[in-house]
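Order of the sequence lines sets the chain letters (A, B, ...), proteins ahead of strands, with each chain counted from 1.
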There are 2 protein chains.
Amino acid sequence: MGTTQLESVPEPKYWHLKTVLSEALDSEFSVGEILPNERELAARFGVARATLRQALEQLELEGRLQRRRGVGTTVAPPRVGVAVGTEQHAWPGASGDVWQSVDSVLATPPAVVAAALECSTDEPVHTVRRSRMSHGQRVATELLYILAAAVPDLTAIDAPSGAARARAVLRELQHLTLEGQDRAVELGSARADDAKELDRLPGSPVLVVTTRFFAQGRTAAVSVATYRADTCRLTFGDPAGVEIHHDPEQQAS
Amino acid sequence: MGTTQLESVPEPKYWHLKTVLSEALDSEFSVGEILPNERELAARFGVARATLRQALEQLELEGRLQRRRGVGTTVAPPRVGVAVGTEQHAWPGASGDVWQSVDSVLATPPAVVAAALECSTDEPVHTVRRSRMSHGQRVATELLYILAAAVPDLTAIDAPSGAARARAVLRELQHLTLEGQDRAVELGSARADDAKELDRLPGSPVLVVTTRFFAQGRTAAVSVATYRADTCRLTFGDPAGVEIHHDPEQQAS
DNA sequence: GAGTGGTCTAGACCACATA
DNA sequence: ATGTGGTCTAGACCACTCG
(Lines give C-alpha, C1' and ligand atoms only; values in the text may rest on other atoms or scores of the structure.)
Protein backbone atom coordinates (compact mmCIF):
# COMPACT_ATOMS: atom_id res chain seq x y z
CA MET A 1 0.00 0.00 0.00
CA GLY A 2 1.42 3.31 -1.02
CA THR A 3 -0.84 5.32 1.23
CA THR A 4 1.02 6.23 4.34
CA GLN A 5 -1.03 6.78 7.47
CA LEU A 6 -2.56 10.18 7.08
CA GLU A 7 -3.21 12.43 10.03
CA SER A 8 -6.59 11.12 11.02
CA VAL A 9 -7.22 14.25 13.08
CA PRO A 10 -5.45 16.97 11.13
CA GLU A 11 -4.38 19.67 13.52
CA PRO A 12 -5.14 23.20 12.37
CA LYS A 13 -2.09 24.91 10.95
CA TYR A 14 -2.17 27.77 13.42
CA TRP A 15 -2.25 25.33 16.29
CA HIS A 16 0.77 23.47 15.05
CA LEU A 17 2.47 26.78 14.36
CA LYS A 18 1.82 27.89 17.88
CA THR A 19 3.45 24.76 19.24
CA VAL A 20 6.50 25.16 17.05
CA LEU A 21 6.86 28.84 17.93
CA SER A 22 6.37 28.13 21.60
CA GLU A 23 9.21 25.64 21.58
CA ALA A 24 11.39 28.03 19.65
CA LEU A 25 10.70 30.70 22.25
CA ASP A 26 11.85 28.39 25.00
CA SER A 27 15.02 27.29 23.31
CA GLU A 28 16.18 29.99 20.92
CA PHE A 29 15.00 33.29 22.30
CA SER A 30 15.47 35.20 25.49
CA VAL A 31 13.16 37.63 27.24
CA GLY A 32 12.86 40.99 25.51
CA GLU A 33 14.32 39.72 22.28
CA ILE A 34 12.55 40.90 19.17
CA LEU A 35 11.12 38.38 16.69
CA PRO A 36 11.23 38.67 12.91
CA ASN A 37 8.26 40.61 11.60
CA GLU A 38 4.98 38.93 10.71
CA ARG A 39 5.46 38.95 6.94
CA GLU A 40 8.86 37.39 7.31
CA LEU A 41 7.66 34.73 9.77
CA ALA A 42 4.67 33.87 7.59
CA ALA A 43 6.91 33.41 4.57
CA ARG A 44 9.35 31.33 6.57
CA PHE A 45 6.62 28.94 7.68
CA GLY A 46 4.87 28.98 4.34
CA VAL A 47 1.51 30.23 5.60
CA ALA A 48 -0.62 33.30 5.06
CA ARG A 49 -0.02 36.19 7.36
CA ALA A 50 -3.50 35.83 8.87
CA THR A 51 -2.72 32.28 9.90
CA LEU A 52 0.57 33.27 11.44
CA ARG A 53 -1.22 36.03 13.30
CA GLN A 54 -3.70 33.56 14.75
CA ALA A 55 -0.82 31.70 16.33
CA LEU A 56 0.79 34.90 17.61
CA GLU A 57 -2.50 36.04 19.11
CA GLN A 58 -2.75 32.91 21.19
CA LEU A 59 0.82 33.17 22.37
CA GLU A 60 0.17 36.77 23.37
CA LEU A 61 -2.97 35.70 25.21
CA GLU A 62 -0.88 33.22 27.14
CA GLY A 63 1.60 35.90 28.08
CA ARG A 64 4.44 34.52 26.01
CA LEU A 65 4.66 37.40 23.53
CA GLN A 66 4.13 41.11 23.51
CA ARG A 67 3.19 42.89 20.31
CA ARG A 68 3.27 46.62 19.78
CA ARG A 69 2.13 48.39 16.66
CA GLY A 70 4.90 50.24 14.91
CA VAL A 71 7.50 48.46 16.99
CA GLY A 72 7.44 44.70 16.70
CA THR A 73 6.89 41.45 18.54
CA THR A 74 9.01 40.70 21.57
CA VAL A 75 9.39 37.80 23.94
CA ALA A 76 7.45 38.61 27.11
CA PRO A 77 8.84 38.14 30.59
CA PRO A 78 7.05 35.66 32.86
CA ARG A 79 3.80 36.96 34.27
CA VAL A 80 4.08 38.98 37.44
CA GLY A 81 2.20 37.80 40.50
CA VAL A 82 -0.16 40.51 41.72
CA ALA A 83 -1.62 40.13 45.20
CA VAL A 84 -5.35 40.65 45.23
CA GLY A 85 -6.56 38.96 48.36
CA THR A 86 -4.18 40.19 51.03
CA GLU A 87 -5.86 43.38 52.16
CA GLN A 88 -8.66 41.16 53.40
CA HIS A 89 -11.28 43.04 55.29
CA ALA A 90 -10.01 46.54 54.88
CA TRP A 91 -11.50 49.45 53.04
CA PRO A 92 -9.83 50.72 49.90
CA GLY A 93 -7.38 53.42 50.83
CA ALA A 94 -6.46 51.88 54.17
CA SER A 95 -2.81 52.03 55.07
CA GLY A 96 -0.80 49.62 52.97
CA ASP A 97 -3.09 49.97 50.02
CA VAL A 98 -1.16 49.64 46.78
CA TRP A 99 -3.53 51.74 44.68
CA GLN A 100 -2.95 55.33 43.65
CA SER A 101 -5.88 57.70 43.52
CA VAL A 102 -6.29 59.49 40.24
CA ASP A 103 -9.59 61.29 40.31
CA SER A 104 -13.03 61.40 41.81
CA VAL A 105 -16.41 62.86 40.96
CA LEU A 106 -19.91 62.63 42.35
CA ALA A 107 -22.21 61.16 39.74
CA THR A 108 -24.98 58.68 39.11
CA PRO A 109 -23.87 55.07 38.60
CA PRO A 110 -24.15 53.04 35.39
CA ALA A 111 -26.97 50.50 35.48
CA VAL A 112 -24.73 47.52 36.14
CA VAL A 113 -23.17 49.18 39.18
CA ALA A 114 -26.51 50.34 40.50
CA ALA A 115 -27.65 46.73 40.44
CA ALA A 116 -24.61 45.61 42.43
CA LEU A 117 -25.14 48.41 44.91
CA GLU A 118 -28.83 47.61 45.13
CA CYS A 119 -29.71 51.24 44.57
CA SER A 120 -31.47 53.15 41.84
CA THR A 121 -29.57 54.61 38.92
CA ASP A 122 -30.25 58.16 40.09
CA GLU A 123 -28.84 57.79 43.58
CA PRO A 124 -25.56 59.70 43.69
CA VAL A 125 -22.31 57.76 44.16
CA HIS A 126 -18.73 58.88 44.53
CA THR A 127 -16.81 57.51 41.60
CA VAL A 128 -13.11 57.18 42.32
CA ARG A 129 -10.60 56.28 39.65
CA ARG A 130 -7.41 54.60 40.80
CA SER A 131 -4.54 52.79 39.19
CA ARG A 132 -2.04 50.24 40.29
CA MET A 133 1.60 49.82 39.39
CA SER A 134 3.71 46.72 39.69
CA HIS A 135 7.27 46.14 38.57
CA GLY A 136 7.39 49.58 37.03
CA GLN A 137 4.37 49.01 34.84
CA ARG A 138 0.74 49.97 35.17
CA VAL A 139 -1.07 46.67 35.59
CA ALA A 140 -4.58 47.67 36.56
CA THR A 141 -7.13 50.45 36.65
CA GLU A 142 -10.05 50.59 39.02
CA LEU A 143 -13.37 52.30 39.27
CA LEU A 144 -14.59 52.50 42.82
CA TYR A 145 -18.22 53.37 43.46
CA ILE A 146 -19.16 54.53 46.93
CA LEU A 147 -22.70 55.34 47.99
CA ALA A 148 -22.78 59.04 48.75
CA ALA A 149 -25.16 58.27 51.60
CA ALA A 150 -22.50 56.11 53.25
CA VAL A 151 -20.05 59.00 53.66
CA PRO A 152 -22.31 61.97 54.42
CA ASP A 153 -19.61 64.21 55.86
CA LEU A 154 -18.08 64.49 52.45
CA THR A 155 -20.55 67.08 51.35
CA ALA A 156 -18.26 69.51 53.13
CA ILE A 157 -15.59 68.94 50.53
CA ASP A 158 -15.31 71.76 48.04
CA ALA A 159 -13.31 70.44 45.16
CA PRO A 160 -15.61 68.96 42.50
CA SER A 161 -12.98 66.51 41.30
CA GLY A 162 -9.30 65.66 41.35
CA ALA A 163 -6.92 63.33 43.15
CA ALA A 164 -7.17 65.29 46.38
CA ARG A 165 -10.91 64.82 46.40
CA ALA A 166 -10.42 61.10 45.79
CA ARG A 167 -8.18 60.85 48.82
CA ALA A 168 -10.71 62.75 50.90
CA VAL A 169 -13.43 60.29 49.96
CA LEU A 170 -11.28 57.32 50.87
CA ARG A 171 -10.27 58.94 54.14
CA GLU A 172 -13.90 59.35 55.06
CA LEU A 173 -14.53 55.73 54.21
CA GLN A 174 -12.17 54.49 56.91
CA HIS A 175 -14.56 55.71 59.60
CA LEU A 176 -17.15 53.14 58.61
CA THR A 177 -17.19 49.63 59.99
CA LEU A 178 -16.52 47.11 57.24
CA GLU A 179 -18.89 44.22 57.79
CA GLY A 180 -17.70 41.97 55.03
CA GLN A 181 -16.65 41.73 51.44
CA ASP A 182 -17.16 39.67 48.38
CA ARG A 183 -14.97 39.08 45.37
CA ALA A 184 -15.35 37.72 41.87
CA VAL A 185 -12.99 37.33 38.91
CA GLU A 186 -13.99 37.01 35.32
CA LEU A 187 -12.68 37.54 31.82
CA GLY A 188 -13.52 40.74 29.99
CA SER A 189 -12.24 42.93 27.23
CA ALA A 190 -10.77 46.35 27.85
CA ARG A 191 -12.95 49.39 27.36
CA ALA A 192 -11.37 52.15 25.32
CA ASP A 193 -10.37 54.28 28.32
CA ASP A 194 -8.97 51.40 30.36
CA ALA A 195 -7.10 50.11 27.35
CA LYS A 196 -5.42 53.45 26.88
CA GLU A 197 -4.33 53.65 30.46
CA LEU A 198 -3.01 50.10 30.41
CA ASP A 199 -1.14 50.74 27.17
CA ARG A 200 -3.14 48.09 25.33
CA LEU A 201 -5.52 48.16 22.40
CA PRO A 202 -9.25 48.39 23.06
CA GLY A 203 -10.75 44.96 23.37
CA SER A 204 -7.64 43.26 24.66
CA PRO A 205 -8.33 40.62 27.28
CA VAL A 206 -8.45 41.70 30.90
CA LEU A 207 -9.24 40.10 34.21
CA VAL A 208 -12.06 41.95 35.90
CA VAL A 209 -12.07 41.75 39.69
CA THR A 210 -15.34 42.89 41.24
CA THR A 211 -15.34 43.51 44.96
CA ARG A 212 -18.37 44.42 47.03
CA PHE A 213 -17.97 46.06 50.42
CA PHE A 214 -20.67 45.70 53.05
CA ALA A 215 -21.41 48.21 55.77
CA GLN A 216 -24.48 49.35 57.64
CA GLY A 217 -26.29 46.21 56.56
CA ARG A 218 -26.02 46.85 52.85
CA THR A 219 -23.59 47.09 49.97
CA ALA A 220 -21.85 50.40 50.57
CA ALA A 221 -19.23 50.30 47.83
CA VAL A 222 -18.28 48.36 44.74
CA SER A 223 -14.88 48.17 43.13
CA VAL A 224 -14.37 47.09 39.54
CA ALA A 225 -10.68 46.53 38.90
CA THR A 226 -9.36 45.76 35.44
CA TYR A 227 -6.06 43.89 35.23
CA ARG A 228 -4.00 43.23 32.11
CA ALA A 229 -4.58 39.56 31.43
CA ASP A 230 -1.44 39.17 29.38
CA THR A 231 1.01 40.23 32.03
CA CYS A 232 -0.74 39.48 35.33
CA ARG A 233 -1.25 36.44 37.48
CA LEU A 234 -3.62 37.28 40.32
CA THR A 235 -2.64 35.76 43.65
CA PHE A 236 -4.95 35.16 46.57
CA GLY A 237 -4.95 34.08 50.16
CA ASP A 238 -2.03 33.20 52.38
CA PRO A 239 0.76 34.92 50.58
CA ALA A 240 4.11 33.19 50.39
CA GLY A 241 6.72 32.69 47.74
CA VAL A 242 5.46 33.64 44.32
CA GLU A 243 7.39 31.40 42.03
CA ILE A 244 6.18 28.72 39.65
CA HIS A 245 9.03 29.55 37.33
CA HIS A 246 7.26 30.05 34.09
CA ASP A 247 3.49 29.75 34.56
CA PRO A 248 1.25 26.77 34.00
CA GLU A 249 -0.10 27.99 30.74
CA GLN A 250 -1.95 25.61 28.59
CA GLN A 251 -0.72 24.21 25.37
CA ALA A 252 -0.93 21.19 23.12
CA SER A 253 0.36 18.23 25.08
CA MET B 1 -14.85 75.68 5.07
CA GLY B 2 -16.51 72.79 3.36
CA THR B 3 -14.67 70.17 5.34
CA THR B 4 -16.94 68.84 8.03
CA GLN B 5 -15.29 67.53 11.16
CA LEU B 6 -14.07 64.07 10.27
CA GLU B 7 -13.84 61.34 12.84
CA SER B 8 -10.46 62.21 14.21
CA VAL B 9 -10.20 58.78 15.79
CA PRO B 10 -12.02 56.43 13.41
CA GLU B 11 -13.26 53.44 15.35
CA PRO B 12 -12.47 50.08 13.78
CA LYS B 13 -15.45 48.53 12.05
CA TYR B 14 -15.47 45.40 14.18
CA TRP B 15 -15.50 47.50 17.32
CA HIS B 16 -18.47 49.50 16.20
CA LEU B 17 -20.14 46.30 15.07
CA LYS B 18 -19.62 44.77 18.47
CA THR B 19 -21.31 47.74 20.11
CA VAL B 20 -24.26 47.58 17.78
CA LEU B 21 -24.66 43.84 18.21
CA SER B 22 -24.31 44.13 21.95
CA GLU B 23 -27.15 46.60 22.13
CA ALA B 24 -29.26 44.45 19.85
CA LEU B 25 -28.65 41.50 22.16
CA ASP B 26 -29.92 43.49 25.10
CA SER B 27 -33.04 44.78 23.42
CA GLU B 28 -34.08 42.38 20.70
CA PHE B 29 -32.97 38.93 21.74
CA SER B 30 -33.55 36.67 24.67
CA VAL B 31 -31.30 34.04 26.21
CA GLY B 32 -30.94 30.91 24.12
CA GLU B 33 -32.27 32.54 21.01
CA ILE B 34 -30.37 31.72 17.85
CA LEU B 35 -28.86 34.50 15.74
CA PRO B 36 -28.84 34.65 11.95
CA ASN B 37 -25.81 32.87 10.54
CA GLU B 38 -22.51 34.64 9.96
CA ARG B 39 -22.85 35.04 6.21
CA GLU B 40 -26.26 36.56 6.63
CA LEU B 41 -25.15 38.91 9.40
CA ALA B 42 -22.09 40.01 7.46
CA ALA B 43 -24.23 40.82 4.45
CA ARG B 44 -26.74 42.65 6.57
CA PHE B 45 -24.04 44.90 8.05
CA GLY B 46 -22.18 45.25 4.78
CA VAL B 47 -18.87 43.84 6.01
CA ALA B 48 -16.71 40.86 5.21
CA ARG B 49 -17.39 37.72 7.16
CA ALA B 50 -13.97 37.90 8.81
CA THR B 51 -14.79 41.32 10.20
CA LEU B 52 -18.12 40.17 11.50
CA ARG B 53 -16.40 37.20 13.10
CA GLN B 54 -13.98 39.49 14.90
CA ALA B 55 -16.93 41.16 16.59
CA LEU B 56 -18.58 37.85 17.43
CA GLU B 57 -15.35 36.53 18.91
CA GLN B 58 -15.17 39.40 21.35
CA LEU B 59 -18.78 39.02 22.36
CA GLU B 60 -18.18 35.33 22.96
CA LEU B 61 -15.10 36.18 25.03
CA GLU B 62 -17.27 38.40 27.16
CA GLY B 63 -19.78 35.64 27.67
CA ARG B 64 -22.55 37.26 25.67
CA LEU B 65 -22.67 34.69 22.88
CA GLN B 66 -22.12 31.01 22.47
CA ARG B 67 -21.04 29.60 19.12
CA ARG B 68 -21.07 25.96 18.16
CA ARG B 69 -19.81 24.57 14.91
CA GLY B 70 -22.51 22.94 12.85
CA VAL B 71 -25.19 24.46 15.03
CA GLY B 72 -25.13 28.22 15.14
CA THR B 73 -24.68 31.24 17.37
CA THR B 74 -26.93 31.64 20.38
CA VAL B 75 -27.39 34.25 23.08
CA ALA B 76 -25.58 33.07 26.19
CA PRO B 77 -27.12 33.14 29.65
CA PRO B 78 -25.40 35.33 32.25
CA ARG B 79 -22.22 33.86 33.61
CA VAL B 80 -22.60 31.48 36.51
CA GLY B 81 -20.85 32.26 39.76
CA VAL B 82 -18.51 29.44 40.71
CA ALA B 83 -17.18 29.40 44.25
CA VAL B 84 -13.45 28.88 44.37
CA GLY B 85 -12.36 30.16 47.72
CA THR B 86 -14.81 28.61 50.15
CA GLU B 87 -13.17 25.29 50.93
CA GLN B 88 -10.43 27.33 52.54
CA HIS B 89 -7.89 25.23 54.31
CA ALA B 90 -9.16 21.84 53.43
CA TRP B 91 -7.59 19.15 51.30
CA PRO B 92 -9.11 18.27 47.97
CA GLY B 93 -11.59 15.48 48.49
CA ALA B 94 -12.66 16.64 51.96
CA SER B 95 -16.34 16.37 52.71
CA GLY B 96 -18.28 19.03 50.84
CA ASP B 97 -15.87 19.02 47.94
CA VAL B 98 -17.68 19.75 44.70
CA TRP B 99 -15.22 17.93 42.45
CA GLN B 100 -15.76 14.48 40.99
CA SER B 101 -12.83 12.13 40.69
CA VAL B 102 -12.29 10.74 37.24
CA ASP B 103 -9.00 8.93 37.19
CA SER B 104 -5.62 8.63 38.79
CA VAL B 105 -2.21 7.29 37.90
CA LEU B 106 1.25 7.33 39.43
CA ALA B 107 3.63 9.10 37.10
CA THR B 108 6.42 11.65 36.86
CA PRO B 109 5.33 15.29 36.74
CA PRO B 110 5.72 17.70 33.82
CA ALA B 111 8.51 20.20 34.30
CA VAL B 112 6.25 23.08 35.24
CA VAL B 113 4.58 21.09 37.99
CA ALA B 114 7.87 19.75 39.29
CA ALA B 115 9.01 23.34 39.71
CA ALA B 116 5.91 24.22 41.69
CA LEU B 117 6.35 21.14 43.85
CA GLU B 118 10.02 21.89 44.28
CA CYS B 119 10.92 18.37 43.33
CA SER B 120 12.78 16.78 40.46
CA THR B 121 10.99 15.68 37.32
CA ASP B 122 11.64 12.03 38.08
CA GLU B 123 10.12 11.97 41.54
CA PRO B 124 6.82 10.08 41.31
CA VAL B 125 3.57 11.95 41.88
CA HIS B 126 -0.02 10.80 41.99
CA THR B 127 -1.85 12.51 39.18
CA VAL B 128 -5.57 12.77 39.81
CA ARG B 129 -7.96 13.98 37.18
CA ARG B 130 -11.20 15.52 38.39
CA SER B 131 -14.02 17.52 36.91
CA ARG B 132 -16.56 19.93 38.22
CA MET B 133 -20.19 20.47 37.26
CA SER B 134 -22.32 23.50 37.85
CA HIS B 135 -25.82 24.23 36.68
CA GLY B 136 -25.87 20.99 34.71
CA GLN B 137 -22.77 21.82 32.75
CA ARG B 138 -19.15 20.81 33.08
CA VAL B 139 -17.37 24.05 33.96
CA ALA B 140 -13.90 22.92 34.92
CA THR B 141 -11.33 20.16 34.77
CA GLU B 142 -8.50 19.73 37.21
CA LEU B 143 -5.19 17.99 37.37
CA LEU B 144 -4.11 17.37 40.92
CA TYR B 145 -0.52 16.42 41.56
CA ILE B 146 0.33 14.84 44.91
CA LEU B 147 3.81 13.92 45.98
CA ALA B 148 3.87 10.15 46.31
CA ALA B 149 6.14 10.56 49.30
CA ALA B 150 3.41 12.50 51.10
CA VAL B 151 0.98 9.58 51.08
CA PRO B 152 3.22 6.54 51.56
CA ASP B 153 0.47 4.15 52.65
CA LEU B 154 -0.94 4.27 49.18
CA THR B 155 1.58 1.83 47.84
CA ALA B 156 -0.75 -0.79 49.24
CA ILE B 157 -3.36 0.09 46.63
CA ASP B 158 -3.53 -2.44 43.84
CA ALA B 159 -5.45 -0.75 41.06
CA PRO B 160 -3.05 1.04 38.67
CA SER B 161 -5.65 3.60 37.68
CA GLY B 162 -9.32 4.47 37.71
CA ALA B 163 -11.75 6.57 39.69
CA ALA B 164 -11.63 4.23 42.66
CA ARG B 165 -7.89 4.69 42.86
CA ALA B 166 -8.37 8.46 42.69
CA ARG B 167 -10.72 8.36 45.64
CA ALA B 168 -8.26 6.21 47.58
CA VAL B 169 -5.51 8.76 47.01
CA LEU B 170 -7.69 11.62 48.21
CA ARG B 171 -8.82 9.62 51.23
CA GLU B 172 -5.22 9.09 52.20
CA LEU B 173 -4.57 12.80 51.82
CA GLN B 174 -7.04 13.70 54.58
CA HIS B 175 -4.74 12.16 57.17
CA LEU B 176 -2.12 14.81 56.59
CA THR B 177 -2.14 18.15 58.37
CA LEU B 178 -2.72 20.98 55.94
CA GLU B 179 -0.38 23.78 56.90
CA GLY B 180 -1.47 26.33 54.36
CA GLN B 181 -2.39 27.01 50.81
CA ASP B 182 -1.79 29.42 48.03
CA ARG B 183 -3.87 30.37 45.06
CA ALA B 184 -3.37 32.15 41.75
CA VAL B 185 -5.62 32.91 38.79
CA GLU B 186 -4.49 33.65 35.28
CA LEU B 187 -5.67 33.53 31.71
CA GLY B 188 -4.74 30.57 29.55
CA SER B 189 -5.91 28.73 26.50
CA ALA B 190 -7.39 25.27 26.68
CA ARG B 191 -5.19 22.29 25.92
CA ALA B 192 -6.69 19.80 23.51
CA ASP B 193 -7.77 17.34 26.20
CA ASP B 194 -9.27 19.95 28.51
CA ALA B 195 -11.05 21.60 25.61
CA LYS B 196 -12.68 18.32 24.67
CA GLU B 197 -13.91 17.72 28.18
CA LEU B 198 -15.24 21.26 28.49
CA ASP B 199 -16.97 20.99 25.12
CA ARG B 200 -14.91 23.82 23.67
CA LEU B 201 -12.42 24.11 20.87
CA PRO B 202 -8.71 23.80 21.64
CA GLY B 203 -7.23 27.16 22.40
CA SER B 204 -10.40 28.70 23.76
CA PRO B 205 -9.82 31.03 26.68
CA VAL B 206 -9.83 29.53 30.15
CA LEU B 207 -9.17 30.73 33.66
CA VAL B 208 -6.42 28.68 35.21
CA VAL B 209 -6.55 28.43 38.99
CA THR B 210 -3.34 27.09 40.50
CA THR B 211 -3.47 26.03 44.13
CA ARG B 212 -0.51 24.86 46.17
CA PHE B 213 -1.03 22.83 49.33
CA PHE B 214 1.58 22.88 52.06
CA ALA B 215 2.22 20.04 54.50
CA GLN B 216 5.22 18.69 56.34
CA GLY B 217 7.07 21.93 55.70
CA ARG B 218 6.92 21.74 51.95
CA THR B 219 4.60 21.85 48.96
CA ALA B 220 2.84 18.51 49.10
CA ALA B 221 0.33 18.93 46.31
CA VAL B 222 -0.51 21.23 43.43
CA SER B 223 -3.85 21.62 41.74
CA VAL B 224 -4.23 23.12 38.28
CA ALA B 225 -7.89 23.76 37.60
CA THR B 226 -9.09 24.94 34.20
CA TYR B 227 -12.39 26.85 34.10
CA ARG B 228 -14.32 27.86 31.01
CA ALA B 229 -13.73 31.61 30.80
CA ASP B 230 -16.79 32.23 28.68
CA THR B 231 -19.33 30.87 31.13
CA CYS B 232 -17.72 31.22 34.55
CA ARG B 233 -17.29 34.00 37.04
CA LEU B 234 -15.02 32.83 39.84
CA THR B 235 -16.12 33.91 43.30
CA PHE B 236 -13.92 34.15 46.35
CA GLY B 237 -14.06 34.81 50.03
CA ASP B 238 -17.08 35.36 52.22
CA PRO B 239 -19.81 33.90 50.12
CA ALA B 240 -23.16 35.60 50.01
CA GLY B 241 -25.68 36.39 47.36
CA VAL B 242 -24.30 35.90 43.89
CA GLU B 243 -26.14 38.40 41.84
CA ILE B 244 -24.81 41.35 39.86
CA HIS B 245 -27.57 40.89 37.36
CA HIS B 246 -25.68 40.77 34.14
CA ASP B 247 -21.94 40.97 34.77
CA PRO B 248 -19.71 44.03 34.71
CA GLU B 249 -18.19 43.19 31.37
CA GLN B 250 -16.26 45.82 29.61
CA GLN B 251 -17.37 47.58 26.52
CA ALA B 252 -17.05 50.82 24.59
CA SER B 253 -18.38 53.55 26.80
C1' DG C 1 9.82 57.85 5.08
C1' DA C 2 10.45 53.20 6.18
C1' DG C 3 8.94 49.50 8.78
C1' DT C 4 5.93 47.54 12.18
C1' DG C 5 1.57 45.48 13.67
C1' DG C 6 -3.77 46.28 13.05
C1' DT C 7 -7.81 46.15 10.05
C1' DC C 8 -10.39 44.61 6.15
C1' DT C 9 -11.78 42.15 1.95
C1' DA C 10 -13.70 38.31 -1.06
C1' DG C 11 -13.24 34.40 -1.82
C1' DA C 12 -12.37 28.94 -0.91
C1' DC C 13 -12.57 24.69 1.46
C1' DC C 14 -13.12 21.86 5.79
C1' DA C 15 -15.25 19.73 10.11
C1' DC C 16 -19.20 19.05 12.38
C1' DA C 17 -24.20 18.62 13.68
C1' DT C 18 -28.65 17.67 12.33
C1' DA C 19 -32.47 16.13 9.85
C1' DA D 1 -27.61 16.35 2.00
C1' DT D 2 -27.68 20.73 3.90
C1' DG D 3 -26.30 24.37 6.72
C1' DT D 4 -23.49 25.90 10.42
C1' DG D 5 -19.17 27.81 12.30
C1' DG D 6 -13.81 27.04 11.77
C1' DT D 7 -9.68 27.47 8.93
C1' DC D 8 -6.97 29.46 5.32
C1' DT D 9 -5.43 32.37 1.47
C1' DA D 10 -3.42 36.52 -0.99
C1' DG D 11 -3.86 40.47 -1.32
C1' DA D 12 -4.79 45.81 0.20
C1' DC D 13 -4.67 49.73 3.06
C1' DC D 14 -4.33 52.08 7.67
C1' DA D 15 -2.24 53.67 12.24
C1' DC D 16 1.57 53.94 14.67
C1' DT D 17 6.70 54.40 16.07
C1' DC D 18 11.10 55.81 15.24
C1' DG D 19 15.24 57.32 13.04
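- In this structure, B/Arg53 does not reach the D/dG5 phosphate: none of its side-chain N or O atoms is under 4.0 Å from OP1 or OP2.
- Nearest nucleotide to the B/Tyr14 side chain, out of D/dT7, C/dA10, C/dT7: C/dT7.
- Residue A/Lys13 contributes atom NZ, which lies 12 Å from atom P of C/dC14 at whole-angstrom precision.
- Ranked by how close their nearest DNA chain D nucleotide is to the 5' end, A/Gly46 and B/Glu57 are led by B/Glu57.
- Under a 4.0 Å N-O distance rule, the pair B/Lys18/B/Glu57 does not qualify as a salt bridge.
- Between B/Arg39 atom CZ and C/dC14 atom P the separation is 14 Å, expressed in whole Å.
- Residue B/Asn37 places its CG atom among more than 12 non-hydrogen atoms of other residues, nucleotides or ligands, all under 6.0 Å distant.
- Whole-Å rounding puts the A/Leu35 CG to C/dT4 P distance at 12 Å.
- Atoms CG (A/Leu65) and P (C/dG5) sit 11 Å apart, rounded to a whole Å.
- Using a 4.0 Å cut-off, some side-chain N or O of A/Asn37 falls inside it from OP1 or OP2 of C/dT4.
- Here B/Arg68 lies in heavy-atom contact (under 4.0 Å) with sugar-phosphate atoms only.
- Side-chain contact check for A/Thr73 and A/Arg67: no donor-acceptor pair (N or O, by modelled atom type) lies under 3.5 Å.
- Going from atom CZ of B/Arg67 over to atom C1' of C/dA17 covers 16 Å, rounded to whole Å.
- Across C/dT9, C/dA15, D/dT9, the shortest atom-to-atom separation from the side chain of B/Arg69 is found for C/dA15.
- In this structure, the CZ atom of A/Phe45 is 13 Å from the P atom of D/dT9, given to the nearest Å.
- Across the protein-nucleic acid pair, B/Leu52 atom CG and C/dT9 atom C1' stand 13 Å apart, rounded to whole Å.
- In terms of phosphate contacts, B/Thr51 brings no side-chain nitrogen or oxygen within less than 4.0 Å of OP1 or OP2 of C/dT7.
- Of the candidate nucleotides C/dA12, D/dT9, C/dA17, C/dA12 has the atom lying nearest to any side-chain atom of B/Arg49.
- Of the charged side-chain nitrogens involved, none lies within less than 4.0 Å of a carboxylate oxygen, so that A/Arg64 and A/Glu60 do not count as a salt-bridged pair.
- With rounding to whole Å, B/Asp199 atom CG is found 14 Å from D/dG5 atom C1'.
- A/Leu56 comes within 4.0 angstrom of no nucleic acid atom, judged by non-hydrogen atoms across all strands.
- A/Arg132 has no carboxylate O lying under 4.0 Å from a charged side-chain N of A/Glu142, or vice versa, which leaves the two without a salt bridge.
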